[in-house]
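Please read the structure below before turning to the comments.
Naming: A, B, ... by sequence-line order, numbering from 1 per chain.
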Amino acid sequence: MVSQLSRPSSSDRATPSDPQRLQRLRHTCAHVLAMAVQRLFPETHVTIGPWTETGFYYDFDRADPFTPDDLGRIEAAMGQIIGANLPIIRETVDRDELRSEIVQMNEPYKLEILDGIPLGEPITRYYIGCPDLISPSNADDEPSLFDVSALKAGESTCWWDLCAGPHLNRTGEIDPEAFALESVAGAYWRGDETKPQLQRIYGTAWETPEQLEAYLQQKEEAKRRDHRKLGQELDLFSIQEEAGGGLVFWHPKGARMRLLIEDYWRTAHLATGYDLLYTPHIANLDLWKTSGHFEFYRENMFDQMEIEAQQYQLRPMNCPFHVLTYQNKLHSYRELPLRWAELGTVYRYERSGVLHGLMRVRGFTQDDAHVFCLPEQVSDEILAVLNLTEQILSDFGFAEYEVNLSTRPAKSVGTDAIWELATDALRQALDTKGWAYVTDEGGGAFYGPKIDIKIRDAIGRLWQCSTIQVDFNLPERFDMEYVAVDGSRQRPIMIHRAIFGSLERFFGILVENYAGDFPLWLAPVQLRLLPVSDGQRDYANGVAQTLKQQGYRVEVDTSGDRLGKQIRTAELEKIPIVAVVGKREVEQQTLSVRTRQSGDLGALTVAEVQGRMAAAIADRGRV
RNA sequence: GCCGAUGUGGCUCAGUGGUAGAGCACUCGAUUCGUAAUCGAGCGGUCGCGGGUUCAAAUCCCGCCAUCGGCUCCA
């Protein structure tokens with residue numbers, strides 16, 4: 001038994017292998033964490049602790065909060081448990097025996113879990129360091145929690161958790177250099193906010209220290225790209241306490257970029273058969289009662305305001321306005337499909353704790369559109385939306401997607417026939433497009449099935465932006481009609497779709513994707529001219545004027561700083577191209593060009609610079 | 001909304017009960033300069049807001065607001 005207490009040798013730790021092993025490892029880490037916590041804080045109740053994408057967590061019930069300091073102590077204790085290489089033993093147990101044991105231990109959450117296991121299912125527990133296997137002589141040299149001789153009477157090194165498993169065989173199989181505790185957060189028991197709030201300790205765990213290092217670097221990279229940080233540094237936008245949380249101020253540079261995005265979007269839509277609408281940001285509350293939002297979406301709506309004894313509502317969505325526009329006259333089947341798009345600003349009440357930079361705000365602009373069409377047009381319209389989505393997203397540098405098709409949920413409106421028609425239309429469009437997708441059975445909205453598209457960014461993260469939804473509800477509620485071939489009144493099908501989703505959010509994603517280093521066509525300032533000394537200021541201004549007249553975003557550094565400083569400033573502002581203007585350049589009527597992408601390009605004429613910029617803009621690339 | 005953390009000049013951050021600090025930015029002066037920081041001076045803060053304790057509060061206590069990490073929710 002001595003070997004079981006020895007420090008783990010490197011051979012105990014497997015080299016990278018299968019994902020199941022990694023999950024076991026992470027799950028075991030969660031147990032080791034819980035064991036360490038209960039050793040250090042015996043009054044703590046345990047609950048659940050699963051593995052996650054990057055590690056593990058365990059939820060605890062304890063009156064006092066865990067401090068960052070505690071985290072360090074817990075991590076050290078985990079290191080000791082791992083160092084002691086304790087055996088992990090699975091035991092199938094009798095439900096009633098275990099029940100009385102849990103009652104005696106006063107672990108109410110475990111009791112709830114046990115009682116939730118269906119009768120007849122095997123019940124297992126996992127021991128770490130079964131006391132029978134450990135004798136005092138085996139204690140390690142250095143005093144530790146698991147130095148048995150240091151234990152008080154009645155204490156043991158043994159710890160167990162009710163758990164289905166699976167786990168590693170010994171704690172020593174965890175590489176002590178490949179895990180780390182990350183943070184403490186509140187979490188509700190069973191994810192239900194009416195239930196007690198627990199303290200969740202998050203950790204990360206990997207097979208090797210190198211993998212841990214890579215993960216930590218990825219985290220650093222994400223931090224470096226954080227749109228909130230870059231938004232401040234590059235002076236793109238702000239969110240101000242005085243105005244309120246979740247309300248975005250677009251600064252000149254951010255606004256310039258937004259304008260470019262909007263112009264691109266409008267052009268693309270007009271070119272693909274859309275018409276554009278502008279509709280109000282508030283409307284009579286009755287509209288929202290008709291649409292059903294007041295009943296079903298109220299918790300996300302700002303409070304109503306009273307205007308001359310009428311209730312008005314700030315809009316959380318654009319769709320009712322587009323429906324009203326449709327209702328303003330009688331439509332023939334010959335007019336359909338109607339494709340109406342609007343950069344529609346909406347306001348939604350979000351609980352203060354969920355606000356997050358540009359990603360989650362209270363006022364935002366959707367690149368919304370609604371297609372009103374005949375049933376037989378649905379499939380083609382969906383396909384057209386998919387094509388437009390691909391064109392737009394790829395122009396912004398996103399070429400990889402993950403697609404979900406969500407089908408009819410249990411609670412829903414509409415007939416089987418119409419659900420089938422719509423779901424088939426979505427499926428058929430995806431098949432024609434040739435996109436692989438995952439079906440989320442029952443994941444659709446109550447009013448219709450939908451396709452969601454996630455884009456993968458430069459560091460591999462997925463962001464859900466685009467959504468295409470078929471809606472049977474609003475046409476019904478508003479009694480929408482068109483006149484069919486036979487003169488009868490028929491109900492059109494309505495498709496909601498957004499490609500960016502929210503301009504604010506998409507802009508945030510762009511910032512993170514490019515780490516603020518935008519391709520030339522999006523860069524708020526494309527070229528900055530740097531005069532070496534005051535004598536070149538007029539020439540620089542002249543060149544800037546010429547290029548500005550051609551539509552380029554050009555400015556002259558007016559700081560009076562030395563060249564080195566001007567270059568440093570431009571680099572920090574991530575300006576794609578700088579052009580040094582000194583005596584030489586003025587004499588030869590050239591610019592000495594330096595780009596972020598390619599470094600020093602030497603002396604070029606203004607026409608040459610203009611040509612290179614035009615080429616880079618045309619292919620949405622860099623100089 | 002809930003749990004925890006944080007909040008000090010425009011920005012990044014020192015300052016744990018005794019006269020509010022630094023760097024950058026900004027302004028002014030000198031320098032007219034060749035590819036990532038020229039030198040000097042100056043301006044600038046009721047220390048998130050409101051209350052309380054104390055002779056004395058950025059510092060201790062209470063409430064609120066905002067931000068950050070999560071939960072829940074979601075574009």
Side-chain angles (χ1 to χ4, degrees), chain A residues 57 59-62 64-68 70-71 182-202 223 226 228-229 232-233 235 238-247 297 299-300 316-318 344 346 348-368 452 454 463-467 496 498-509 530-537 559-573 578-585 592-596 599-603:
Chain A
Y57 66 79
D59 287 347
F60 299 100
D61 185 10
R62 173 174 178 246
D64 297 325
F66 292 113
T67 65
D70 293 336
L71 238 49
E182 296 188 285
S183 61
V184 170
Y188 299 103
W189 170 235
R190 303 235 141 128
D192 181 342
E193 65 185 33
T194 64
K195 300 235 163 83
Q197 186 153 27
L198 310 169
Q199 295 186 66
R200 174 170 300 177
I201 298 180
Y202 279 96
K223 219 166 139 189
D226 192 314
R228 295 165 299 187
K229 179 171 168 280
Q232 168 70 35
E233 286 173 6
D235 199 13
S238 61
I239 293 170
Q240 311 211 22
E241 192 172 336
E242 287 151 282
L247 301 169
Y297 202 69
E299 63 190 29
N300 278 297
M317 292 195 186
N318 306 304
V346 297
R348 297 183 184 173
Y349 167 69
E350 298 284 356
R351 296 152 96 175
S352 54
V354 307
L355 300 175
H356 181 92
L358 296 179
M359 302 302 184
R360 192 75 181 274
V361 293
R362 284 180 173 155
F364 60 99
T365 301
Q366 295 180 310
D367 66 318
D368 213 351
D452 291 321
K454 294 190 186 108
W463 304 92
Q464 206 225 292
C465 295
S466 315
T467 181
H496 307 249
I499 293 172
F500 299 138
S502 137
L503 277 180
E504 284 74 5
R505 184 178 142 86
F506 189 74
F507 181 72
I509 293 168
L530 313 180
V532 174
S533 64
D534 287 344
Q536 294 88 47
R537 217 157 270 290
S559 66
D561 288 333
R562 302 246 237 253
L563 182 60
K565 181 60 182 295
Q566 292 185 55
I567 286 170
R568 177 181 155 80
T569 304
E571 286 289 341
L572 292 176
E573 291 179 31
V578 296
V580 174
V581 180
K583 280 193 188 122
R584 273 203 307 278
E585 288 75 15
S592 285
V593 176
R594 170 186 164 127
T595 73
R596 277 179 73 75
D600 198 340
L601 299 184

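Here, B:G63 and B:C26 have their P atoms 42 Å apart, quoted to the whole Å. B:U38 and B:C33: their C1' atoms are spaced 9 Å apart (whole Å). To the nearest whole angstrom, the two C1' atoms, one in B:C28 and one in B:G34, are 26 Å apart. B:C3 and B:A20 have their P atoms separated by 36 Å, with the value rounded to a whole Å. B:A25 and B:U12 are spaced 11 Å apart, taking the C1' atom of each and rounding to whole Å. Separating the C1' atom of B:C47 from that of B:G7 is a span of 10 Å, rounded to the nearest Å. Separation of the C1' atoms belonging to B:G15 and B:A57 is 14 Å when rounded to the nearest angstrom. Here the separation of B:U54 from B:C62, taken at their C1' atoms, is 16 Å to the nearest Å.
Between A:R228 and B:G69 there is a side-chain N or O to OP1 or OP2 distance below 4.0 Å.
Considering all non-hydrogen atoms of both residues, A:R348 and A:M317 come closest at NH2-CG, 3.7 Å. Considering every non-hydrogen atom in both A:I201 and A:F60, the closest pair reads CD1-CE1, 3.8 Å.
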| query | Base, backbone or nothing for each nucleotide of nucleotides 27-39 of chain B, written B, S, -, heavy atoms under 4.0 angstrom, 5' to 3'? | reply | ----BBBBBBBB-

| message | Strictly under 4.0 angstrom, non-hydrogen atoms only: write out the protein contact profile of nucleotides 70-75 of chain B, one letter per nucleotide from the 5' end, B, S or -. | response | BBBBBB

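B:U6 is paired with B:A66 under the Watson-Crick or G-U wobble criterion, all donor-acceptor distances under 3.5 Å. Across the strands present, B:G40 finds its partner in B:C28; the criterion is a Watson-Crick or G-U wobble pair with both atom distances under 3.5 angstrom. Pair assignment for B:G45 gives none, since no Watson-Crick or G-U wobble pairing has each distance under 3.5 Å. Pairing for B:C73 is absent, judged as Watson-Crick or G-U wobble with the two contacts each under 3.5 Å. Under the Watson-Crick or G-U wobble criterion, with both distances below 3.5 Å, B:A57 is left unpaired in every strand shown. The pairing partner recorded for B:G34 is none, the criterion being a Watson-Crick or G-U wobble arrangement whose two distances lie under 3.5 angstrom. A 3.5 Å limit on both hydrogen-bonding distances identifies B:C13 as the Watson-Crick or G-U partner of B:G21.
We find that CD of A:Q232 is positioned 11 Å from P of B:C13, with the value rounded to whole Å. Look at CG on A:L355: it is 13 Å from P on B:C65, rounded to the nearest Å. Rounded to a whole Å, the CD1 atom of A:I239 is 17 Å from the C1' atom of B:G7. Between the P atom of B:A25 and the CD atom of A:E233 lies a distance of 15 Å, rounded to the nearest Å. Residue A:D70 contributes atom CG, which lies 18 Å from atom P of B:C3 at whole-angstrom precision.
The side-chain heavy atoms of A:R360 and A:S502, taken from C-beta on, include no pair separated by under 4.5 Å. Between A:W463 and A:K454 there is no side-chain heavy-atom pair separated by less than 4.5 Å. Using a 4.5 Å heavy-atom threshold, the side chains of A:V346 and A:F364 count as touching. By the 4.5 Å heavy-atom criterion applied to side chains, A:I509 and A:C465 are counted as neighbours. Put simply, the side chain of A:V532 does not reach to within 4.5 Å of the side chain of A:K583, judged on heavy atoms.
Remark: of the listed residues A:V581, A:I567, A:D561, A:T569, A:I567 is the sole one forming a side chain to side chain contact (heavy atoms under 4.5 Å, CB included) with A:L530.
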| task | Take A:V361 and A:E350 through the test side chain to side chain contact (heavy atoms under 4.5 Å, CB included) and record every step on the way to the result. | result | CA-CA 7 Å; A:V361 293; A:E350 298 284 356; over 6 Å; no

| field | Verdict with reasoning, A:K195 to A:D192, per salt bridge (charged side-chain N to carboxylate O under 4.0 Å, His left out) | value | CA-CA 5 Å; A:K195 300 235 163 83; A:D192 181 342; 3.6 Å; yes

| field | Candidate pair A:R594 and A:E571, rule side chain to side chain contact (heavy atoms under 4.5 Å, CB included), full reasoning | value | CA-CA 10 Å; A:R594 170 186 164 127; A:E571 286 289 341; 3.3 Å; yes

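Within the 4.0 angstrom heavy-atom criterion, no nucleotide atom of any strand lies near A:L198.
If A:F66 and A:G357 are placed on RNA chain B by their nearest nucleotide, the residue sitting closer to the 5' end is A:F66.
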